Structures are given as structure tokens and as C-alpha cells.
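Working notes, structure below.
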Number of protein chains: 2
Amino acid sequence: MNGPEELRMTPARRAILEALEATHCHPTADELHDSLRKSLPRVSLGTVYRNLEVMSRHRLIRTVEGAGGQRRYDAVLAPHHHIRCVRCGRVDDVEPADLSWLEGKLKEESGYDVLGHVLVFEGICPACSAAEGGKEEGGDNGAQGNEN
Amino acid sequence: MNGPEELRMTPARRAILEALEATHCHPTADELHDSLRKSLPRVSLGTVYRNLEVMSRHRLIRTVEGAGGQRRYDAVLAPHHHIRCVRCGRVDDVEPADLSWLEGKLKEESGYDVLGHVLVFEGICPACSAAEGGKEEGGDNGAQGNEN
DNA sequence: ATAACTGCAAAACGTTTGCGTGTAT
DNA sequence: ATACACGCAAACGTTTTGCAGTTAT
């Protein structure tokens with residue numbers, strides 16, 4: 001009904017897009033806000049959220065789903081997956097795997113009209129592995145909300 | 001260091017566990033709270049959250065990860081996946097698929113110590129498919145926060 | 001000219017926590 | 001008897017929203 005409304009290219013949007021394209025770190029809205037402030041000191045967090053939402057709706061960027069706590073964003077539009085470190089929260093990219101056969105199977109089993117899937121691996125990143133090293137092995141430290 | 005502390009079976013906990021086992025709907029904390037109130041009118045939402053957290057830590061239940069907005073809970077401990085309706089938010093169970101080969105491959109590629117993965121399909125459930133029927137085809141209605 | 005965008009601040013939302021009381025063990 | 005759990009309400013972190021002024025088209 002309402003076709004994609006006009007999308008203006010404003011300084012804030014350009015900056016968000018550039019910041020997102022310049023990193024593979026899948027930043028959160030407030031990380032983005034912090035880094036944008038260097039060039040646009042008056043940009044507000046609300047604007048960052050608003051633009052991330054709009055640009056994501058227009059498929060200029062993507063939101064990283066299932067990445068744990070805060071919402072994260074990604075400028076890589078090509079299909080791929082993610083792996084999240086359960087210790088430090090870091091999110092890295094993972095080569096896409098072809099799971100379309102699974103979707104087909106599922107379509108029959110469930111009656112759903114299957115549109116896609118989200119696949120997020122969980123693990124411990126090399127840095128955290130090294131840090132934990134031989135320190136402890138069975139400890140349930142539960143820390144998983146931190147930032148990179 | 002701190003072994004699993006004693007876990008008392010209180011009326012609230014029993015009720016939460018029973019409610020969770022009685023449904024496959026993966027309720028949110030406040031849905032659970034609403035339904036608990038029928039039998040325990042004075043139970044508080046804070047208690048529901050506290051108990052879901054404790055019981056999940058003790059592996060009596062699981063939290064459904066990557067299911068979109070609100071956190072959802074599941075009494076089915078056996079490995080399986082989920083499919084979420086992007087129209088109404090409903091979450092259903094999906095047969096487990098063996099993706100361990102993928103985890104192995106990933107372990108070498110990424111350097112991560114891979115612990116597991118979360119796989120959530122997205123689609124349109126039969127009910128919503130029927131409701132939308134032939135109404136519209138390209139509409140971007142964006143509604144996806146509703147409850148079943 | 002005008003619809004889209006912005007900063008700001010307040011509100012909304014889901015979740016967690018502190019505190020004093022109650023209860024399962 | 002005592003550690004654990006509770007209800008309540010306030011606090012928290014994240015995200016959304018209303019409004020009045022600004023800017024890209």
C-alpha cells in the first residue's frame with residue numbers, strides 16, 4: 001500500500017553507512033553513536049536508532065539477529081551467518097552454508113511458508129580462549145554481556 | 001567453586017514448570033505470569049523472572065534464543081530448533097537437524113572454540129497464511145511483535 | 001515549498017534488584 | 001533455625017516517540 005517512501009541521503013545516514021561498511025564488528029546503536037560523534041558531534045542517539053531502522057527497512061543494511069543482548073547491525077547484505085563469543089560478546093562473520101534443503105523439508109512438515117532462517121554459532125573466541133588459557137576448566141562464570 | 005546451590009521446589013516454581021510443560025507455545029515471562037495468576041493470584045512478575053532464570057541455570061528449562069522480541073522459555077530440553085511466524089510472533093518447534101559437521105568445519109576456519117548453535121527459521125504460519133490469503137502480495141506491513 | 005529529517009527529552013518496554021517478610025527444608 | 005524464596009516497587013539499560021525547528025529535494 002505505501003510504497004517505499006523517499007529516502008534522503010543526509011550526513012547522519014551517510015556517516016552511519018560508512019561506519020558500518022568500514023568495520024566487521026557489527027556495532028550496536030550506541031557504539032555507532034559514539035563513533036559518529038567524532039565527525040558529527042551533535043548527532044543524537046535517537047537519530048541513530050531511527051536511521052538504522054529506516055535503512056534496514058530499505059535494505060541498505062541488515063540487523064544481526066539472535067546476537068544476544070543489544071541489537072547489532074551489519075552492512076554486509078550477502079547471506080552469511082555469525083558466531084558470537086559467549087565470553088566477550090564479540091560477533092564475527094561465518095561463511096554461508098546452504099540450508100535450503102532443510103527449509104524445503106520444513107515447509108512440508110510444518111505447514112509454514114518458510115522465508116529464511118537465522119543461524120548463529122556460539123563459542124569462545126581466540127582472544128578469550130587465550131586469556132582463559134589453563135586457568136580453570138569447569139567454572140560457570142556466566143559472564144556473557146560484555147562488549148568487545 | 002560454587003556448586004549448584006540447593007533448589008527448592010516452591011509453589012511458584014512447580015506452577016511455572018507445569019505451565020511450561022503443558023504448552024508448546026514458548027511463553028514469555030509475562031504470559032506465564034498471567035497464566036500463573038489464575039492459581040497463585042499473588043505471584044509477582046519479578047518472581048517469575050527470578051525463577052525462570054534459576055531454573056534455566058539449573059537446566060530444568062531452557063530459554064528460546066533468537067526468537068525476536070521478548071525472551072521466551074521452553075520446557076523441552078532435547079535439542080531441537082524453532083520456527084517463528086514473522087506476522088504474529090508465534091514460535092513452533094522444529095525437528096533437530098545435525099549440523100555438527102558445520103561446527104567442525106567452523107572450528108578450523110574461525111579459530112573459535114565452537115560450543116553450539118542457534119537455528120531459528122522464519123516464515124508465515126498456516127493461520128496467518130490463511131488470514132492473509134489473497135489479500136495482498138507485496139505489502140510491507142512490518143507487524144511482527146504480536147502474540148499468539 | 002514541503003515532506004523528510006533532526007536534536008532533545010520524556011516515555012515505553014522488558015528485565016533486574018534491594019529490601020523486609022515469609023517459608024521450605 | 002536458617003538459608004532460600006517471596007511480593008513489592010524502584011531502578012536499570014535499551015529502544016521508541018512527540019514535538020518544534022532544520023534541511024534535502
Side-chain angles (χ1 to χ4, degrees), chain A residues 2-17 26-34 36-58 60-73 89 91 142-147, chain B residues 2-17 26-58 60-61 63-73 89 91 142-147:
Chain A
N2 52 7
E5 73 264 38
E6 180 180 9
L7 183 62
R8 294 184 180 169
M9 196 45 61
T10 64
R13 276 178 197 166
R14 206 183 316 275
I16 289 173
L17 202 49
H26 314 288
T28 60
D30 60 293
E31 286 167 358
L32 238 13
H33 182 224
D34 279 355
L36 287 207
R37 292 227 255 193
K38 285 159 196 157
S39 48
L40 289 81
R42 308 188 55 76
V43 77
S44 77
L45 182 55
T47 292
V48 173
Y49 271 109
R50 255 187 297 232
N51 284 335
L52 286 168
E53 200 277 324
V54 169
M55 295 169 84
S56 152
R57 195 148 39 76
H58 283 254
L60 273 67
I61 62 172
R62 278 172 155 277
T63 91
V64 178
E65 310 203 51
Q70 249 149 304
R71 198 172 301 167
R72 289 172 176 279
Y73 301 86
V91 173
Q144 54 172 299
N146 298 349
E147 219 26 80
Chain B
N2 50 7
E5 74 264 38
E6 180 180 9
L7 182 62
R8 294 186 180 166
M9 197 43 63
T10 64
R13 277 175 197 168
R14 205 183 317 276
I16 289 172
L17 201 49
H26 316 286
T28 60
D30 60 293
E31 286 168 0
L32 238 12
H33 182 225
D34 279 354
S35 78
L36 288 205
R37 291 227 256 194
K38 285 159 196 157
S39 48
L40 289 83
R42 308 189 54 74
V43 77
S44 76
L45 181 56
T47 292
V48 174
Y49 272 110
R50 254 188 296 237
N51 284 336
L52 286 169
E53 198 278 324
V54 170
M55 295 168 85
S56 153
R57 195 147 39 78
H58 283 253
L60 273 67
I61 63 173
T63 91
V64 178
E65 311 203 49
Q70 247 148 305
R71 200 172 299 168
R72 290 172 176 278
Y73 300 87
V91 174
Q144 57 172 299
N146 298 349
E147 219 26 78

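Convention: sequence-line order gives letters A, B, ...; per-chain numbering from 1. Everything numeric here is computed off the predicted structure, so don't read it as measured data.
- As judged by a 4.0 angstrom heavy-atom cut-off over every strand, B:Ala29 is placed among residues making no nucleic acid contact.
- Listed pair B:Arg71 / C:dT16 meets the phosphate criterion, a side-chain N or O lying under 4.0 Å from OP1 or OP2.
- Residues A:Thr10 and A:Glu53 both approach DNA chain D. Their nearest nucleotides, taken by heavy-atom distance, put A:Glu53 toward the 5′ side.
- Whole-Å rounding puts the A:Gln70 CD to C:dC13 C1' distance at 15 Å.
- Of all nucleotides listed (C:dG7, C:dG14, D:dA24), D:dA24 comes nearest to the side chain of A:Pro11.
- Using a 4.5 Å cut-off on side-chain heavy atoms (C-beta onward), B:Arg13 and B:Leu7 make contact.
- Residue A:Thr47 is the one, among B:Gly46 and A:Thr47, whose nearest nucleotide of DNA chain C lies closer to the 5' end (criterion: closest heavy atom).
- Note on A:Arg13: only backbone sugar-phosphate atoms sit closer than 4.0 angstrom, heavy atoms only; bases stay farther off.
- Residues B:Arg72 and B:His26 approach most closely at NH1-O, 2.7 Å, considering heavy atoms.
- With B:Pro27 as the fixed residue, the side-chain contact (heavy atoms from CB on, under 4.5 Å) test singles out one of B:Ile16, B:Val91, B:Leu52, B:Leu32: B:Leu32.
- Using a 4.0 Å heavy-atom criterion, one finds that A:Asp30 contacts no nucleic acid atom at all.
- Atoms CG (A:Leu45) and C1' (C:dA11) sit 15 Å apart, rounded to a whole Å.
- Annotation: of the two residues near DNA chain D, B:Ser44 and A:Tyr49, the 5′-most nearest-nucleotide partner is B:Ser44.
- Side-chain atoms of B:Arg50 come within donor-acceptor range of the base of D:dG7, with a qualifying N/O pair under 3.5 Å.
- For A:Leu7 and C:dA3, the CG to P distance is 17 Å, given to the nearest whole Å.
- With hydrogens and angles ignored, a donor-acceptor pair closer than 3.5 Å exists between the side chain of B:Arg8 and the base of D:dA3.
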